[in-house]
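To keep things clear, I will list the structure first and then write my remarks on it.
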There are 2 protein chains.
Amino acid sequence: METRELRYFVAVAEELHFGRAAERLRIAQPPLSRAIQQLERRLGARLLERDSRGVRLTEAGRVLLREGRAALAGIEAAERRTRRAAAARPGLVLATKAGASSELLAKLLAAYAAEPDAVPVDVLLCGPGEQERVLRDGRADVALLHRPFDSTAGLDTEVLAEERQVVVLPAGHPLSGRRDVTTAEIAALPDLPLPRWPDLDGGYPDGPGPQVRDSVQLMQLIALGRACAIVPESARTHLHEQHATVTVSDAPTVTTVIAWPPQSRSPALAHLVRTALGV
Amino acid sequence: METRELRYFVAVAEELHFGRAAERLRIAQPPLSRAIQQLERRLGARLLERDSRGVRLTEAGRVLLREGRAALAGIEAAERRTRRAAAARPGLVLATKAGASSELLAKLLAAYAAEPDAVPVDVLLCGPGEQERVLRDGRADVALLHRPFDSTAGLDTEVLAEERQVVVLPAGHPLSGRRDVTTAEIAALPDLPLPRWPDLDGGYPDGPGPQVRDSVQLMQLIALGRACAIVPESARTHLHEQHATVTVSDAPTVTTVIAWPPQSRSPALAHLVRTALGV
DNA sequence: GGCGGCCATACCGTGCGGGTATCGACCCTG
DNA sequence: CAGGGTCGATACCCGCACGGTATGGCCGCC
């Protein structure tokens, strides 16, 4: 199977429309139809059900869409990593969620930079859930992830830190004097709803709570008494005097891990991971 | 990057010889030279150092060899899984090491087969270290692995069982009456050396100890008083009265896990894993 | 110095990927 | 029910890129 065929199939499977897929691929529709037919013939499997009502995926098509996307990401990763290995300054790219674990990250970067024969490390700031993708497609070599929020499926990891979560409240809120609170108590504050974050596609889920796009917005809303938020306790460094924090007793602990794609253990990467474990 | 180019590069990188690689690919040598040059141009990276002394990999070439192999395996996996999903009887393929965890496996298969809407499960017996590969390239959907012997890097896993290891001795051996022994004591038995297993490429490592190819051979050698072996305690079911076993106190415990490629969680696979956790 | 091994270059044919035009099936809609 | 619109498939043509053969250039070796 050639990557061209796979790209074509993925485009059609995503659009469920030959014309639009062809446009996206910048080719005409007939060659696309032929390519898909040829792919189906070669695989000996029907991938798409076409009739007058449109195009639908068969079971085999769903499998190929899932597996094919992963395979294409693997190809792109190979390409990008090769380019980077050949670059004049072949450093490491570390992906991290914007704003999270900033203290740990700073310590890690400082410790690693102080090591003998450390390579330059670029930091790539990602939106939520984006890290796994940039790691898989070769834009990054290593990432800081936060379980249980980020999935570490298919990655090699080492645990760097564990921490409790705290609720961020407006300063002076009645609960702010407490030693700890429960998620049920937080949910029972109708005037301080938890915010809604955008999906991967940019839309917002339904429900109450203000829509926020970044943590600056969120912190402002909290200071204004319009929302509250549950965050790892290390995020306290971003707060100021208009905020109060209280430990949430029954929220899951957050584990910060350093993660990298399996079997891509270059010497520099191994060195960085070793340093991270010593911090 | 097209898979054709990648296959060509991997062939040259493995052979380190354009002529032999071309032969392996069943094309003439000049088109192969051209294809590699074109790939290097497109990547903007020198992959191979050619001079009169032969062909060597550059750093970028090493990266592309490693990543490219994985990417090609991903493509093949997508292809195989699609074919299987389209097959008349789309079942699951479970890979396991020949002879290991047979009891657990039997229970798992029975329990799953008894479930409502279970799909057929084929068992694929693998040599040591082979399971990870068949899982990656799509010949199997799920595998039973044994840590710390098998690597689970880049796979999703759930733990099914943990067990101690025992040493298998000829019946009547002086140590056979003991409650437990240490690895040091076993190593100090010069007339009962540990056997040598073949590498992935079929050769044997140097050293003392008889060469064995399967566990039947090994068990016979032990019964004859020519070897001993350290195995998980569940392997006791394969033994007969000519063998004795003693717990090895300082051998690592063996963890049997069920493993599958990440993000390939079909409903049937999820069902099988759920069943396995209940056994 | 001639020879052989090995990769690169030159040059040629052809098959395949892509383009345009058109068909055929189906669904609206007036 | 006729006519137009939508969408995928088919027919046909063209150009190029891939693969083949022949040969060159470089180097090491006998």
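Here is how names work: the chains are called A, B, and so on, in the same order as the sequence lines, proteins then strands, and each is numbered from 1.
Using a 4.0 Å cut-off, no side-chain N or O of Arg50(A) falls inside it from OP1 or OP2 of dC7(D). Remark: Arg4(A) is in phosphate contact with dG18(C), judged by side-chain N or O atoms under 4.0 Å from OP1 or OP2.
In this structure, Leu16(A) places its CG atom 16 Å from C1' of dT6(D), rounding to the nearest Å. The CD atom of Glu49(A) sits 14 Å away from the C1' atom of dG8(D) (whole-angstrom rounding). Taking atom CD on Gln37(B) and atom P on dA10(C), their separation rounds to 10 Å, with Å as the unit. Separating the CG atom of Leu32(B) from the P atom of dG19(D) is a distance of 9 Å, rounded to the nearest angstrom. In this structure, Leu48(B) places its CG atom 9 Å from P of dA8(C), rounding to the nearest Å. Distance CD1 (Ile36(B)) to P (dG19(D)): 12 Å, rounded to an integer number of Å. Taking atom CD of residue Glu40(B) and atom C1' of nucleotide dC7(C), one finds them 12 Å apart after rounding to whole Å. Taking atom CD1 of Ile27(A) as the reference point, atom C1' of dG19(C) lies 10 Å away to the nearest angstrom.
Judged purely by atom type and a 3.5 angstrom limit, Arg81(B) uses its side chain to pair as donor or acceptor with the backbone of Ala140(B).
Of the residues near DNA chain D, Ser33(A) and Ala28(B), the one whose nearest nucleotide (by heavy atom distance) lies more toward the 5' end is Ser33(A).
Of the listed nucleotides (dC18(D), dA8(C), dT10(D)), dA8(C) has the atom at the smallest distance from the side chain of Pro30(B).
Under the 4.5 Å side-chain criterion, counting only non-hydrogen atoms from C-beta, Leu65(B) is in contact with Val10(B). For the pair His271(A) and Tyr112(A), the minimum side-chain heavy-atom distance is below 4.5 Å. Residues Thr58(B) and Leu48(B) fail the side-chain proximity criterion, which asks for heavy atoms closer than 4.5 Å.
Counting non-hydrogen atoms under 4.0 angstrom, Gln29(A) reaches a base of the nucleic acid. Backbone-only engagement by Gln38(B) is indicated by non-hydrogen atom pairs under 4.0 Å involving sugar-phosphate atoms exclusively. Note on Arg34(B): a base of the nucleic acid sits closer than 4.0 angstrom, heavy atoms only.
A salt bridge does not link Arg20(B) with Glu23(B): none of the charged nitrogens is closer than 4.0 Å to a carboxylate oxygen.
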